[in-house]
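Here the structure is laid out as structure tokens; the discussion comes afterwards.
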Amino acid sequence: GVTDFTLDAPSDTLLCVTQEGVVSFGIKTGAQKTLYTGTADQAALCGQALLVRSGGNIIRVANGQSAAIRRDGALAMGVYAQKVIQLTDKGVMTCDVNGENVTTILYGEYEKMSVANGILYVGDEKGFTQQVML
């Protein structure tokens with residue numbers, strides 16, 4: 001029932017988004033743990049916090065507490081260097097892991113994103129069309 005997954009190399013963890021929520025698997029140990037119960041579209045680790053994209057909102061889970069940190073209609077979410085990156089219908093935005101210090105870095109509608117060597121690539125179904133240094 002996995003609908004999305006993320007590999008977090010620093011913590012040797014595989015995050016799996018399922019119909020029930022977000023489950024982590026230790027890559028070296030195989031240990032399984034449910035990190036979030038509820039509707040989830042994507043998940044990523046940012047430091048000690050779990051970030052979950054659900055229905056356009058970004059939810060931060062830390063120390064057993066969860067709270068929506070952004071309600072911008074996120075279509076996709078990523079993490080890079082302690083920053084949350086989200087694609088919205090207005091553009092690409094970044095914020096701190098607590099949802100503060102929001103910055104729009106690109107305007108326009110994009111469907112996908114990828115980060116490599118500090119560069120964010122965004123685009124549509126035809127491929128990556130824009131890039132910006134993070």
Side-chain angles (χ1 to χ4, degrees):
V2 174
T3 58
D4 193 39
F5 69 92
T6 303
L7 177 64
D8 187 70
S11 66
D12 290 325
T13 303
L14 175 65
L15 296 176
C16 294
V17 176
T18 70
Q19 294 173 343
E20 290 81 33
V22 179
V23 178
S24 72
F25 294 91
I27 293 170
K28 294 180 181 176
T29 65
Q32 178 180 339
K33 182 178 181 184
T34 299
L35 302 178
Y36 176 79
T37 303
T39 305
D41 300 307
Q42 281 181 282
L45 291 173
C46 188
Q48 297 300 312
L50 171 69
L51 298 166
V52 177
R53 181 176 65 86
S54 177
N57 297 323
I58 306 241
I59 300 163
R60 179 179 183 260
V61 181
N63 301 320
Q65 302 293 318
S66 62
I69 60 166
R70 302 297 316 156
R71 290 186 169 95
D72 302 308
L75 305 169
M77 174 192 73
V79 171
Y80 179 76
Q82 300 299 309
K83 289 285 186 182
V84 180
I85 304 164
Q86 61 176 338
L87 300 183
T88 71
D89 60 358
K90 296 178 182 115
V92 182
M93 300 163 56
T94 65
C95 67
D96 296 337
V97 72
N98 61 4
E100 296 177 0
N101 298 313
V102 178
T103 304
T104 300
I105 59 174
L106 285 173
Y107 291 95
E109 292 186 41
Y110 302 98
E111 296 177 17
K112 60 184 177 179
M113 69 176 152
S114 181
V115 178
N117 295 325
I119 299 172
L120 172 68
Y121 298 90
V122 294
D124 56 24
E125 73 279 351
K126 296 177 185 173
F128 293 103
T129 57
Q130 292 281 338
Q131 66 186 43
V132 63
M133 181 72 83
L134 294 172

Given Leu106 and Gln130, is the side chain to side chain contact (heavy atoms under 4.5 Å, CB included) satisfied, shown in steps?
CA-CA 9 Å; Leu106 285 173; Gln130 292 281 338; 4.2 Å; yes

Restricting to non-hydrogen atoms, name the atom on Val52 and the atom on Ala40 that form the minimum distance, rounded to 0.1 Å.
CG1-CB, 3.5 Å

Any non-hydrogen side-chain atom of Thr88 less than 4.5 Å from a side-chain atom of Leu75?
no

Per the side-chain contact (heavy atoms from CB on, under 4.5 Å) rule, which among Ile85, Thr94, Leu120 passes with Tyr80?
Ile85

Find the distance between NZ (Lys83) and OG1 (Thr103) and round it off to the nearest 0.5 Å.
6.0 Å

Could you tell me if the side chain of Glu100 sits less than 4.5 Å from the side chain of Cys95, heavy atoms only?
no

Please give me the minimum heavy-atom distance between Thr13 and Ser24, naming the atom from each residue.
CG2-CB, 3.6 Å

Report whether Leu134 and Tyr110 are members of the same hydrophobic cluster (ILVMFWY, side-chain heavy atoms less than 4.5 Å apart, transitive linking).
yes

Minimum heavy-atom separation for Met77 and Leu51, please, with both atom names.
CE-O, 3.5 Å

Hydrophobic cluster membership, Val84 vs Val102, 4.5 Å side-chain cutoff
no

Sole candidate of Leu7, Val2, Leu35 that passes side-chain contact (heavy atoms from CB on, under 4.5 Å) when paired with Leu15:
Leu35

Could you name each residue pair satisfying salt bridge (charged side-chain N to carboxylate O under 4.0 Å, His left out) that touches residues 107-119, not counting sequence neighbours?
none

Looking at Ile119 and Met133, what are the two nearest heavy atoms and their distance?
CG1-SD, 4.0 Å

Hphob cluster co-occupancy, Leu87 + Val115, side-chain heavy atoms under 4.5 angstrom:
yes

So, do Val22 and Cys16 sit near enough that their side-chain heavy atoms are less than 4.5 Å apart?
no

Tyr121 atom OH: more than 12 heavy-atom contacts under 6.0 Å:
yes

Say whether Val97 and Val79 are linked into one hydrophobic cluster, either directly or through other cluster members, by side-chain heavy-atom distances under 4.5 angstrom.
yes

When hydrophobic residues are tied together by side-chain contacts of less than 4.5 Å, even through go-betweens, does Ile105 share a cluster with Met113?
yes

Identify each donor-acceptor pair in which a side-chain atom of residues 54-72 lies under 3.5 Å from a protein atom, sequence neighbours left out, and give them as a table.
residue : atom : partner : partner atom : Å
Ser54   : OG   : Thr39   : O            : 2.8
Arg70   : NE   : Asp72   : OD2          : 2.8
Arg70   : NH1  : Gly99   : O            : 3.2
Arg70   : NH2  : Asp72   : OD1          : 3.1
Arg70   : NH2  : Asp72   : OD2          : 3.1
Asp72   : OD2  : Gln86   : NE2          : 2.7

Measuring from atom OG1 of Thr3 to atom CG of Asp41, what distance do you get when rounded to the nearest 0.5 angstrom?
7.5 Å

